[in-house]
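Following: one structure in structure tokens, then a few remarks.
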Amino acid sequence: MIDYARALNEAQHQAATSGPGPVLVVAGAGSGKTRTIVYRLAWLAEHGVEPDAILLLTFTRKAAQEMLQRAGQLLDHGLTGVRGGTFHAFAFGALRRWKPAWLDDRPFTVMDAADITAAVKHCKDRLRLGRGDRSFPKTQSIVGLLSKARNKEVSLEDVLRKEAFHLLPHATGLQELDAAYADYRREKGLLDYDDLLFELEDLLRENALAAEALRGQFRHILVDEYQDTNLVQARIVRLLTGPEDRMTGNVMAVGDEAQSIYAFRGANVRNILDFPKLFPGARIVRLEENYRSTKPVLDVANSLLAHAAESFRKTLFTRKEGGEPVRLFTPLSDMSQAALVVRRIRELLQLHLPHEIAVLFRSGFHSYMLEMALNQAGIAFRKYGGLRYAEAAHVKDVMALARLLLNPLDLPAFARVAASHSGIGPKTVEKLYLVARSGDPAATEKAFAKFPGFLEDMRLVERLRAASASPADILAALLEHYHPRLESLYPEDWPRRRQGLEEIVQMAASYTDLDLFVADLALDAPEEEHDDPAEDKITLSTVHSAKGLEWNAVLLIDLVEDRFPSRHALAQPEDFEEERRLMYVACTRARHSLDLYAPVALYNRAERGSRHVGQSPFLRELAPGLVEEWQEGFGGALSRRAPAGSLASARAAGDDAPAHAALPPWASRKRALHDAVPLPTDGEAPPLFFTSSPAAPEDAHFCHCRHRIFGRGKIVRHIPPDKVQVNFPGFGLKVILSEYLQMEN
DNA sequence: TCCTCGTATTTTTTT
DNA sequence: AATACGAGGA
């Protein structure tokens, strides 16, 4: 039995142990939201709710897995039966079981981002839209506009009027394109991300049998990151909890309007405000105490929100007094920013394990320079957001063959396979597709005769379709067939790619149905390397992908105009406000240490030089005295910029270039840095780096312990007050409550 | 007419 | 890195 009252604070306790009916938990950043959900799961299990009657809908699968894992540690019998995943993955599962009628029993495929772009491009070309017209939007902007209209459930024209006034002359053309793209998907048996949600809603409304089956199974629904749901997702949750006129199930939604960062995708904060309307009788619980961050970090975060629009304003409080100051660095350029960050990470690595350190940024490409610097410095990292594994060209090539096997009408897959043979361009693809679809063998033979390589692809796919082999066997066969092309396409690094593809075959081994595997890859691409738990790496991530995660040390880079906030967010006040919340999310990821970096100049390829940039408006808005400012001089020397008016401010202005100026930035960094820090003249607290030791982990004891599930493991470090991190062979690093471990010596 | 290749331009965020 | 566009070849 778990002592809930002891393990949770009052509000958390109320949420975790609340009886039947709808509950809304408004959970501030770091307020123990995950903990609350985990204890909720435990409480439900203790009260006789079978795990498979619980549906946990989260924004990312990573979050769902983490939650289930933490719950498993808490409960003896684990919660393996709890169903959890993204709305999209859940929708796919349901639609696979109850196919939409319009498919007429044809197979269907989930499109990934590249497919959507390719499909819209195809329709655009066929309608001859924007040919030679530079004012016509590019394919990717069009995809964004169409999806935005559907997600916000407003007309395309309204979207244009509001955010792209200059495109209004093209409204008719874009509407035609929207219709053509819809026909395209219908004809080819393809569902894009938005289709999955709307089709699920239709299913729940129109197929009483399916609706009853789902409602009967999932008596308890938990929705995480509720502020990021859009209108149709809220309706889906409502429909899952019962027919329109009455509630038959239970629902708990958890969210924080201050962390709403997906409005661009149609997320609607009103969902939180309207929760009591949609779910009458809802109880509301607020978690406002922050357990994650130290006071200086929280002060910065609160200061950011103080300037937000009223409905988003909130102040979190912490009892963790003290802690390191938040530091703002102003490197001379983004290049020296990368060097400085590398230096700083090296130092943080003496205090923290790699996975406790993260560098965050607004957009995927902002980290390119840092990635190069880290590679040179030999520091391993994992990157989230940006290019995903399943988006790598070689993976898409092999998966396209697999998809063709499942759905011969899958035009994006067909086009990808075809175009990998030389001599086949868009026009030829279309011709071949029409012939292949007509099913006339003689005509097909003739048309394909010119492209023997492609013909072989199709023959192999057909053979494999008939063979009814396992997903792993099918992919292995496709990989062998694809290998020669892999070598010729990527002469430099094909072995690395080959290894990645072999991992795909490994992954597929845990599936019995190929279509599930293909959909999973499109819906939630796994990480690049199959996690080798022994290999601990630091994290690079976009702020969006960092949502819901936390680290001991967070470094936030590129806090300059046009980058953070994104230059695309300047036109609309709401967009600007969303960037502010994004910055808030970024800062609240940090437990002990938060570094802010605002390079003075950015390298510009076109000009082959650097260009001066202003600081992010969010930095200028911060209340004075919240951050400690350090500026970079030549040679990487850092000097403290004293608070305005103090004695040291005059001194900081002078630039005394140290003797190490000629050294490369990351050579003998310790000494160079140390010497560069001016000694305090007025008895003020001294230097920056290396002295800072936020709750330095005690040195590793290298003693062993035993866990009833994971077996014997080595204790890597203690996490005060009551947890330890243990490396279990075969399971990797786990954070576990000491009381669940047996010590060994 | 269609394909290929080189060059210029531009990168938001996610399912 | 990925797209768009224009020149030149089949």
Side-chain angles (χ1 to χ4, degrees), chain A residues 57-63 85-92 110-118 120-121 124-125 130-134 136-144 147-148 150-151 191-198 200 225 228-230 232-233 260-267 360-368 371 384-388 390-393 418-419 421-431 450-451 519-525 541-548 558 562-571 575 578-579 581-583 585-586 604-606:
Chain A
L57 291 171
T58 57
F59 201 67
T60 61
R61 180 180 313 186
K62 208 163 48 180
T86 60
F87 277 90
H88 293 87
F90 174 70
F92 174 75
V110 176
M111 302 169 87
D112 67 13
D115 295 329
I116 296 169
T117 313
V120 171
K121 173 103 174 59
K124 180 177 161 225
D125 286 348
R131 298 231 299 191
D133 180 358
R134 283 177 171 278
F136 201 82
K138 297 205 190 120
T139 308
Q140 272 181 334
S141 336
I142 299 171
V143 171
S147 180
K148 198 165 223 178
R150 287 179 81 205
N151 274 290
L191 296 184
D192 68 11
Y193 294 120
D194 303 330
D195 289 329
L196 285 172
L197 301 179
F198 288 110
L200 175 59
E225 308 286 11
D228 290 331
T229 55
N230 62 15
V232 63
Q233 284 168 327
S260 154
I261 54 174
Y262 283 100
F264 76 90
R265 207 203 46 182
L360 307 184
F361 32 86
R362 174 64 181 83
S363 311
F365 73 96
H366 292 170
S367 67
Y368 287 167
E371 286 171 45
Y384 296 97
L387 258 194
R388 303 214 164 184
E391 287 165 32
H421 299 278
S422 111
I424 305 183
K427 295 287 173 186
T428 316
V429 165
E430 198 159 357
K431 263 186 245 160
K450 270 197 253 169
F451 311 105
D520 273 2
L521 229 44
L523 290 173
D524 191 0
S541 175
T542 60
V543 181
H544 283 90
S545 299
K547 182 126 186 241
D558 274 336
D562 277 7
R563 291 208 161 184
F564 208 147
S566 161
R567 96 170 75 133
H568 302 279
L570 300 176
D575 292 345
E578 179 150 311
E579 299 286 312
R581 296 193 293 274
L582 201 52
M583 176 103 173
V585 168
N604 185 309
R605 221 183 333 176

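These values consider heavy atoms only, across backbone and side chains, with no hydrogens, waters or symmetry-generated copies. Quick caveat: nothing in here was measured; it's all calculated off a predicted structure. First the proteins, then the strands, lettered A, B, ... as listed; each starts at 1.
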- Task: Looking only at side-chain atoms of A:Pro426, point me to the closest of B:dT13, B:dT14, B:dC3.
- Result: B:dC3
- Closest to the A:His568 side chain: B:dC3, B:dT11, B:dT14? B:dT11
- Distance, rounded to the nearest Å, where A:Ile261 contributes CD1 and B:dT13 contributes P: 12 Å
- Query: Rounded to whole angstroms, how far apart are CD on A:Glu225 and P on B:dT14?
  - Reply: 14 Å
N/O-N/O pairs, protein side and nucleotides 3-8 of chain C side, under 3.5 Å:
from: C:dA4; atom 1: OP1; to: A:Thr139; atom 2: OG1; distance (Å): 3.1

- Query: Excluding sequence neighbours, so at least two apart, what forms ring pair (Phe, Tyr, Trp, His ring centres under 6.0 Å) with A:His366?
  - Reply: none
- Query: Is any NZ, NE, NH1 or NH2 atom of the basic residue among A:Arg150 and A:Asp195 found under 4.0 Å from an Asp or Glu carboxylate oxygen of the other?
  - Reply: yes
- Message: If you assign each of A:Ala569 and A:Ser147 to its closest nucleotide in DNA chain B, which residue comes earlier from the 5' end?
- Response: A:Ala569
- Query: Hey, does A:Gly423 reach any base, or is it just sugar-phosphate, or nothing, if we go heavy atoms under 4.0 Å?
  - Reply: sugar-phosphate
- Task: Indicate yes or no: does A:Lys427 engage A:Glu430 in a salt bridge with an N to O separation below 4.0 Å.
- Result: no
- Give the nucleotide from the list B:dT14, B:dT11, B:dT13 with an atom nearest to the side chain of A:Arg265. B:dT14
- Round to the nearest Å and state the distance from A:Leu57 atom CG to B:dT15 atom C1'. 13 Å
- Task: Would you indicate which nucleotide in B:dT14, B:dC3, B:dT11 comes nearest to any side-chain atom of A:Phe365?
- Result: B:dT11
- Task: Starting from the 5' end of DNA chain B, give me the residue, A:Ser566 or A:Asp194, whose nearest nucleotide shows up first.
- Result: A:Ser566
- Kindly write out the residues that satisfy side-chain contact (heavy atoms from CB on, under 4.5 Å) with A:Asp115, not counting sequence neighbours, or none if the list is empty. A:Met111, A:Asp112, A:Arg403, A:Pro412
- Query: Does A:Ser545 place a side-chain N or O at less than 4.0 Å from the phosphate oxygens OP1/OP2 of B:dT13?
  - Reply: no
- A:Ile116 has an atom CD1; how far is it from atom C1' of B:dT15, in whole Å? 9 Å
- Message: Applying ring pair (Phe, Tyr, Trp, His ring centres under 6.0 Å), can you list everything that pairs with A:Phe136, at least two apart in sequence or on another chain?
- Response: A:His170
- Output all residues satisfying side-chain contact (heavy atoms from CB on, under 4.5 Å) with A:Glu371, sequence neighbours left out; order by chain, then residue number. A:Ser367, A:Tyr368, A:Phe381, A:Lys383, A:Leu540
- Query: Can you tell me how far C1' of B:dT14 sits from CG of A:Asn151, to the nearest Å?
  - Reply: 10 Å
- Task: Rounded off to whole Å, could you give me the OH-to-P distance for the A:Tyr193 and B:dT13 pair?
- Result: 14 Å
- B:dT11 P sits how many Å from A:Phe264 CZ, rounded? 16 Å
- Message: A:Glu579: which residues meet the side-chain contact (heavy atoms from CB on, under 4.5 Å) condition with it, sequence neighbours left out?
- Response: A:Arg362, A:Phe564, A:Pro565, A:Ser566, A:Ala569, A:Leu582, A:Phe618
- Message: Using a 5.5 Å cut-off between ring centres and planes within 30 degrees, is A:Phe87 stacked on the base of B:dT15?
- Response: no
- Item | CA sep, side-chain torsions, deciding dist, call: A:His544, A:Phe264, ring pair (Phe, Tyr, Trp, His ring centres under 6.0 Å) | CA-CA 12 Å; A:His544 283 90; A:Phe264 76 90; 5.7 Å; yes
- Message: Is there a side-chain contact between A:Arg563 and the phosphate of B:dT11, meaning an N or O under 4.0 Å from OP1 or OP2?
- Response: no
- Calculate the interatomic distance between A:Asp192 atom CG and B:dT14 atom C1'; express it in whole Å. 13 Å
